[in-house]
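Just below is one structure, and these are the notes that go with it.
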Amino acid sequence: MLIKVEHLVKDYQVHKNGKGFLQAVKNLVMPEYLKKRAVDDISFSIQPGEMVGFIGPNGAGKSTTVKILSGVLSPTSGRVTVGDMDPFRNRKKYVSHIGVVFGQRTQLWWDLPVEDTFDLLKAIYKIPDATFRKNLNIYRELLDLDDFMSRPVRQLSLGQRMRADIAASLLHDPEILFFDEPTIGLDIVAKEKIRECIKAMNRDKGITMLFTTHDMQDIEKTCERMIVIDRGKIICDSALTEIRSLYDHERRLTVKFAESYPSIHVAKAQIVHEEGNSKTFSFHTHEITTSELISSLMSEYVVMDLTVQETDIETIIKKLYEEGEGVQAYEGVS
Ligand SMILES: Nc1ncnc2c1ncn2[C@@H]1O[C@H](COP(=O)(O)OP(=O)(O)O)[C@@H](O)[C@H]1O
Ligand SMILES: [Mg+2]
């Protein structure tokens with residue numbers, strides 16, 4: 001199903017609270033509201049089977065967008081269609097097609113053991129026995145759920161809870177997944193597990209995915225496309241490879257030589273680091289290509305080993321934010 005977002009705007013009403021007793025009374029009698037624009041005219045579409053990372057700093061509008069896409073909130077203006085459905089208006093029918101995970105808040109029943117929650121979901125979504133058993137087996141294994149299937153949700157660690165939440169979102173075989181910060185607060189090992197699962201879902205089941213994160217590594221390790229949002233507006237929407245070629249001209253090449261050649265000179269590359277027989281060169285791809293540099297070094301010196309480093313996506317995103325109007329510091333990975 002095609003996801004189509006057209007000129008989406010979402011405003012929240014926020015109480016304008018003055019201080020003091022009289023003001024408090026006034027607030028009760030005649031509350032004043034301010035309008036907070038959380039999503040400010042965004043448009044994009046996602047093809048079936050695509051895996052899209054939605055990235056941006058705190059307060060950018062990521063969760064709001066996911067809530068609208070999953071039918072929890074209605075748009076202030078603009079339009080969202082998924083297949084032939086309007087997520088908010090056709091909520092009842094829509095929920096059977098999607099799976100949703102909000103990293104900040106569990107969708108599971110706090111006091112119920114994980115397995116009972118899954119049984120409840122089976123009933124709610126009217127999942128056929130065979131499908132349920134098949135999926136349960138897949139996700140128990142993929143997400144390592146066996147150790148805590150019989151424990152109440154409130155006793156789970158954050159990482160376990162997130163894995164249970166993800167399994168819960170998948171039991172009814174959704175075509176589309178919306179994950180909002182599925183890795184928030186997790187340690188590296190737990191994050192890796194979630195990333196692998198996300199990738200497997202997309203690759204093996206062809207599930208269309210949009211997931212938000214403020215961790216650049218999530219995007220680098222899983223997505224082919226990313227949408228960058230900042231203060232309610234999309235500031236970049238492209239393939240990761242395209243972003244790299246647009247913004248990432250600087251490369252580093254580390255070469256381990258057979259001996260410690262004291263004075264190596266190559267045109268259009270500077271040595272930025274030396275250690276033993278290894279030297280790191282910095283160069284710009286529009287001045288000299290990686291293969292030109294390598295072959296010019298190899299024609300004059302004995303090379304034992306080579307590694308090329310690309311600028312990481314995080315550095316590129318920082319540049320993007322800096323180029324946007326009114327520089328706002330990007331807060332980096334969690
Ligand atoms: N229920 C709400 N009421 C009022 N303002 C809200 C509400 N939810 C979010 N906001 C505001 O909308 C903006 C976008 O929030 P959100 O979508 O949660 O961003 P993100 O998920 O990218 O951190 C923020 O400025 C936030 O304070
Ligand atoms: Mg959020």
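Hydrogens, waters and symmetry mates play no part in the numbers below; they use all other heavy atoms, side chains included. Atoms within each ligand, like the ligands themselves, are counted from 1 in listed order. Residues: numbered from 1 along the sequence shown. It should be emphasised that the depicted structure is a prediction, and the values quoted were computed from it without experimental measurement.
The distance from atom CZ of Phe179 to atom CD1 of Ile198, rounded to the nearest 0.5 Å, is 6.0 Å.
Around NZ of Lys268, the count of heavy atoms belonging to other residues, nucleotides or ligands within 6.0 Å does not exceed 12.
Of all heavy-atom pairs spanning Lys93 and His97, the tightest one is O-CD2, 3.3 Å. Of all the heavy atoms in Ala164 and Leu145, the pair that sits closest is N-CD2, 4.1 Å. Taking both residues in full, the closest heavy atoms of Leu297 and Leu253 are given as CD1-CD2, 4.0 Å, listed atom of the first, atom of the second, then distance. Minimum interatomic distance between Leu69 and Ile3 (heavy atoms only, all atoms of both residues): CD2-CG2, 3.8 Å. Nearest approach of Cys223 to Gly53, heavy atoms of both residues: SG-N, 3.3 Å.
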Return all side-chain donor-acceptor pairs below 3.5 angstrom for residues 100-117, not counting sequence neighbours, or 'none' if the list is empty.
from, atom 1, to, atom 2, distance (Å)
Thr106, OG1, Leu108, N, 3.0
Thr106, OG1, Asp165, OD2, 2.7
Gln107, NE2, Val100, O, 2.9
Asp111, OD1, Arg154, NE, 2.8
Thr117, OG1, Pro113, O, 3.4

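Around ligand 1, the residues contributing at least one heavy atom under 4.0 Å from the ligand are Tyr12, Lys36, Ala38, Pro57, Asn58, Gly59, Ala60, Gly61, Lys62, Ser63, Thr64.
For the Mg ion (ligand 2), protein N, O or S atoms under 2.8 Å: 1 in total.
Residues satisfying the ring-ring contact (aromatic ring centres under 6.0 Å, His included) test with Phe257, not counting sequence neighbours, are Tyr261, Tyr301.
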